[in-house]
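Remember, it's a predicted structure, so these values are computed and weren't measured experimentally.
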Amino acid sequence: MRAVNLLPADQRRGGSSPGRSGPAVYVVLGALAALVVFVGAYVLSANEVNSNRSQLAQAQQEAAGLEQQAAAFKPYHEFASLSQTRVQTVNQLADSRFDWERVMRELAQALPGDVWLTSLTGTVAPGVNLEGASGGAATGSLRSALPLPAVEMVGCTESQAAVSRVMARLRTLNGVQRVSLAASEKAESTGTAGNAGASSTDCRNGSSSFPKFQIVVFFTAPKSTPGAATAPGQAAVATQPTAAQPATAPTSTGGAK
């Protein structure tokens, strides 16, 4: 009897089917898939690099344009900075400037009519030397008591009581810190007074009744110079009357020597 194999031809051992090619097909397919992935990654990377290069070129162009604009506007920026610096300097000078015009105006209003001066010197700090100023030795030593703007005055009036009235009026000036009396004296004798009257700096004009006073008035320092530092161009102000006494001298009313 003849044996018959009932298994299908593709499942028989040792047989080969016409549609089966083995594991080589999978190897080829895997290689192709890897190649596709590699090509895709390369294309994406190349596109990203090209895009970055384009953005870099655009950024460089924008930077160059901004540099050109900055160079064009640089003079304006420098001018603005210079202008701001000058404004700050002017403000500092204005804050540190002592108002001599106000002081002189109020001083002229405060002094009584029976007072005549031979010397009036204003300085913003002690130790400022003025050419032509002739303040008294007593006021010079008293001036260094405070590092503040001050006015030194030498003059005469009718009596010692009038000197006290002068000091009281000086204390009413704006910004006054202290009013100090350096000296207030009369001539000791008629002969001494006569000799003193020959001097153009002695306001007593030979009279033994008129006291000669020396007063220092200290004022508040400018707000930006707490140490009463001297501002540029404003070291001091001084006036020197040419006449030692008015044309018509007031009549003496007497007073303590």
Task: Which atom of Ser209 lies closest to which atom of Lys186, heavy atoms considered - done: O-CE, 3.1 Å
Open item on the list: On a heavy-atom basis, which atom in Phe218 and which in Ser180 lie closest, and how many Å separate them?
Closed with: CE1-OG, 4.0 Å
TODO: Quick one: closest heavy-atom pair of Asp114 and Thr157, and the distance?
DONE: O-OG1, 3.0 Å
Task: Gap between atom CD of Gln55 and atom CG of Asn50 - 0.5 Å precision - done: 11.5 Å
Task: Cationic N near anionic O, under 4.0 Å, Asp99 to Arg105 - done: no
Task: Value rounded to 0.5 Å, distance of CD in Gln109 from CD in Glu106 - done: 7.0 Å
Open item on the list: Over 60° means perpendicular and under 30° means parallel, so tell me whether Phe38 and Tyr42 are parallel, tilted or perpendicular.
Closed with: parallel
TODO: Return yes if some donor-acceptor pair links the side-chain N/O of Thr118 with the main-chain N/O of Cys203 below 3.5 Å, else return no.
DONE: no
Task: Beyond-backbone contact of Val103 with Val151, side-chain heavy atoms, under 4.5 angstrom - done: yes
- [ ] Answer yes or no: is there a donor N or O on one side and an acceptor on the other, between the side chain of Ser83 and the main chain of Phe79, under 3.5 Å?
- [x] no
TODO: Measure the spacing between CG of Asn174 and CZ of Phe219 and express it to the nearest 0.5 Å.
DONE: 9.0 Å
TODO: Rounded to the nearest 0.5 Å, what's the gap from CD on Gln69 to CD on Glu62? Could you check?
DONE: 10.5 Å
TODO: Report yes if the side chains of Met153 and Ser119 come closer than 4.5 Å at any heavy-atom pair, otherwise no.
DONE: no
Task: Step-by-step side-chain contact (heavy atoms from CB on, under 4.5 Å) determination, Arg178 to Leu146 - done: CA-CA 9 Å; Arg178 180 190 297 179; Leu146 294 176; 3.8 Å; yes
Open item on the list: Counting C-beta onward and ignoring hydrogens, is there a side-chain heavy-atom pair between Ile215 and Val217 closer than 4.5 Å?
Closed with: yes
TODO: Return the minimal non-hydrogen interatomic distance between Ser141 and Ser144, and the atom names on each side.
DONE: O-OG, 3.0 Å
Task: Evaluation steps, side-chain contact (heavy atoms from CB on, under 4.5 Å), between Val154 and Leu117 - done: CA-CA 6 Å; Val154 179; Leu117 303 178; over 6 Å; no
Open item on the list: Would you say that Leu170 contacts Leu111 through its side chain, given a criterion of any heavy-atom pair below 4.5 Å between the two side chains?
Closed with: yes
Task: Side-chain donor-acceptor pair present, Gln160, Ser184, cut-off under 3.5 Å - done: yes
Task: Minimum-distance pair of heavy atoms, taken over all atoms of Pro149 and Ala221 - done: CD-CA, 3.8 Å
Open item on the list: Nearest 0.5 angstrom please: Thr123 OG1 to Glu152 CD, how far?
Closed with: 5.5 Å
Task: Rounded distance (nearest 0.5 Å) linking atom CZ of Arg204 with atom OG of Ser207 - done: 9.0 Å
Task: Neighbour count >12 (heavy atoms, 6.0 Å) for atom CD, Glu78 - done: yes
Open item on the list: Can a side-chain donor-acceptor contact be found between Thr220 and Gln177 if the only test is distance below 3.5 angstrom?
Closed with: yes
Task: Phe210/Trp116 under ring pair (Phe, Tyr, Trp, His ring centres under 6.0 Å): CA gap, chis, key distance, verdict - done: CA-CA 11 Å; Phe210 299 151; Trp116 56 100; 5.3 Å; yes
- [ ] Mind checking ring pair (Phe, Tyr, Trp, His ring centres under 6.0 Å) for Phe213 and listing every partner two or more places apart, or none if nothing turns up?
- [x] none
Open item on the list: Taking atom CD as the centre, does Gln84 end up with more than 12 heavy-atom neighbours from other residues, nucleotides or ligands that are less than 6.0 angstrom away?
Closed with: no
Task: Neighbour count above 12 (heavy atom, 6.0 Å) for Arg102 CZ - done: yes
Open item on the list: Given 3.5 Å as the limit, does a donor-acceptor pair link the side chain of Ser51 with the main chain of Asn47, or not?
Closed with: no
Task: Minimum heavy-atom distance between Arg143 and Val124, given as atom pair plus value - done: NH2-C, 3.7 Å
